[in-house]
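Take a look at the structure set out below.
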Amino acid sequence: MCGRTSCHLPRDALTRACAYRDRQGQPRLPEWRDPDRYRPSYNKSPQSDSPVLLSRLHFEKGADSSERIIAPMRWGLVPSWFKEDDPSKLQFNTSNCRSDTIMEKRSFKVPLGKGRRCVVLADGFYEWQRCQNTSHRQPYFIYFPQIKTEKSSSIDAASSPEDWEKVWDNWRLLTMAGIFDCWEPPQGGDCLYSYTIITVDSCKGLNDIHHRMPAILDGEEAVSKWLDFGEVSTQEALKLIQTSENITFHPVSTVVNNSRNNTPECLAPVGLEVKKESKASGSSQKMLQWLATKSPKKEDPKTPQKAEPDVPQWSSQFLRKSPFPTKRGGAGCLERWLKQEKEEEPVAKRPHNQ
């Protein structure tokens, strides 16, 4: 499953991160719809607004279906046929949609049949590993492996398409397959756009943390085919929904457990005690550098702190399986590697609106 994400980039940086080429091969930046509704956050939960990519053809008849729009949408799909006057009265959870039952449930089958496919944008997502015989749940931040590229001299260099790739050199956004729908209040009013994230069985690298993961669209070709409902049929698009092994992760602080906490500390790597010393992974090191330079203006100046050189940072290459049995396909206990911590802060109720 996927129940918490991070998408903290400022709007302009997020736009540059989504640069693409249209059907004619021309470099483009997606245009925004309702840009003022976008709120960067290190800790997004269902019922909050998150940015998604979708085809311009959904909003403009006759538009090129390869052209893209970014729009903030409510996380948790509200079906177009829902008859209540308040979307919070929906009695079932639609923040995720299982790939194996997507064509069986009306809430997802109908919008999918209409081509309402979108790509959910995030720095990455969080998942919690259950430790056997203890109440502790260790949170992890999960994201694409990052590749270091040559930096440009200034962000202001993004004055021409040739400079976009040079400017956006710090983070590859995670692109997750989603479905959206449009709900109109029975009593009239503005249409509510909302989405769900499609989930699949976890890859081998993540199976020790959780048995489900988002369906990740890895690469521009996959993103393009999923969005272009005008040229790519539903049957062809669904072939893109599969487990991806191209993923990495590291443990983070339990401060992320409370959805009201919105600081860089939520996704900063923390060290877990291990018997054998290991070097910090490249992606974890890059994460620390990225947080130091790309955090929103209102970030807490005290966080994040760079990890000490002798504290190992974790990613999939360092995760060890426990020799003890696991529950429901979950992870073995990492308790022997954990530092002595104070009692974990209780998880706050998810707000209905953010």
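Gln91 places a side-chain N or O within donor-acceptor distance of the main-chain N or O of Lys89, the cut-off being under 3.5 Å. Here the side chain of Gln138 pairs a donor or acceptor atom with the backbone of Val252 at under 3.5 angstrom. A side-chain donor-acceptor contact under 3.5 Å links Trp75 to the backbone of Ser95. A donor-acceptor pair is defined here as one N or O able to donate and one able to accept, closer than 3.5 Å; such a pair exists between the side chain of His250 and the backbone of Leu267. A donor-acceptor pair under 3.5 Å is formed between the side chain of Asn96 and the backbone N or O of Cys2. Using a distance-only test at 3.5 Å, with no hydrogens or angles considered, no donor-acceptor pair links the side chain of Thr175 to the main chain of Val119.
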Decide side chain to side chain donor-acceptor pair (under 3.5 Å) for Ser244 and Asn246; before the verdict, give the C-alpha distance in whole Å, the side-chain angles of both, and the deciding distance to 0.1 Å.
CA-CA 5 Å; Ser244 173; Asn246 186 28; 5.4 Å; no
Walk me through it: do Arg117 and Val232 pass the test side-chain contact (heavy atoms from CB on, under 4.5 Å)?
CA-CA 11 Å; Arg117 309 192 297 255; Val232 182; 3.8 Å; yes
Given Arg23 and Ser65, is the side chain to side chain donor-acceptor pair (under 3.5 Å) satisfied, shown in steps?
CA-CA 9 Å; Arg23 205 183 308 281; Ser65 59; 3.0 Å; yes
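A salt bridge links Arg68 to Glu220: at least one charged side-chain nitrogen sits closer than 4.0 Å to a carboxylate oxygen. A salt bridge links Glu67 with Arg28: the distance from a Lys NZ or Arg NE/NH1/NH2 to an Asp or Glu carboxylate oxygen falls below 4.0 Å.
With values rounded to the nearest 0.5 angstrom, Trp128 atom CH2 is found 14.0 Å from Cys131 atom SG. Note: Leu112 CG to Thr196 OG1 = 11.5 Å, rounded to the nearest 0.5 Å.
For the pair Arg212 and Ser99, the minimum side-chain heavy-atom distance is below 4.5 Å. With contacts defined as side-chain heavy-atom distances shorter than 4.5 Å, the pair Asn257/Arg137 does not qualify. Contact check for Leu14 versus Trp32: side-chain heavy atoms found under the 4.5 Å cut-off. Within the 4.5 Å cutoff, the side chain of Tyr195 has no heavy atoms near those of the Pro111 side chain. Counting heavy atoms from C-beta on, the side chains of Thr199 and Met213 never come closer than 4.5 Å. Between Pro51 and Cys7 the shortest side-chain heavy-atom distance falls below 4.5 Å.
Under the rule for a side chain to side chain contact (heavy atoms under 4.5 Å, CB included), the partners of Gln26 that lie at least two apart in sequence or sit in another chain are Asp22, Gln24. For Arg37, the side-chain hydrogen bond (donor to acceptor under 3.5 Å, both in side chains) criterion is met by Asp49, not counting sequence neighbours. The disulfide (SG to SG under 2.5 Å) search around Cys182 returns Cys191, not counting sequence neighbours. With sequence neighbours excluded, the residues forming a side-chain hydrogen bond (donor to acceptor under 3.5 Å, both in side chains) with Ser6 are Asp123, listed by chain and number.
Legend: side chain to side chain donor-acceptor pair (under 3.5 Å) pairs involving residues 180-192, not counting sequence neighbours, sorted by first then second residue: Arg116-Asp181. Under the ring pair (Phe, Tyr, Trp, His ring centres under 6.0 Å) criterion, the residue pairs touching residues 44-72 are His58-Phe180, His58-Phe229, Phe59-Tyr193, with sequence neighbours excluded.
For the pair Ser107 and Phe92, the tightest heavy-atom approach, listed with the atom from each and the gap, is OG-CE1, 3.5 Å. Between Tyr20 and Ser66, the closest heavy-atom pair is CE1-O, 3.5 Å. Asp201 and Thr243 get closest at one heavy-atom pair: O-OG1, 2.7 Å. Residues Leu54 and Leu227 approach most closely at CA-CD2, 3.8 Å, considering heavy atoms. Here the shortest heavy-atom pairing between Pro264 and Tyr42 reads CG-OH, 3.4 Å.
The side-chain tip of Arg172 points at the ring of Phe144 from less than 6.0 angstrom away and within 45° of straight on.
Each of Asp34, Leu192, Val52 was scored for a side-chain contact (heavy atoms from CB on, under 4.5 Å) with Met73, with one residue passing: Val52.
When hydrophobic clusters are built by joining Ile, Leu, Val, Met, Phe, Trp and Tyr residues whose side-chain heavy atoms come closer than 4.5 Å, directly or via intermediates, Ile241 is grouped together with Leu77.
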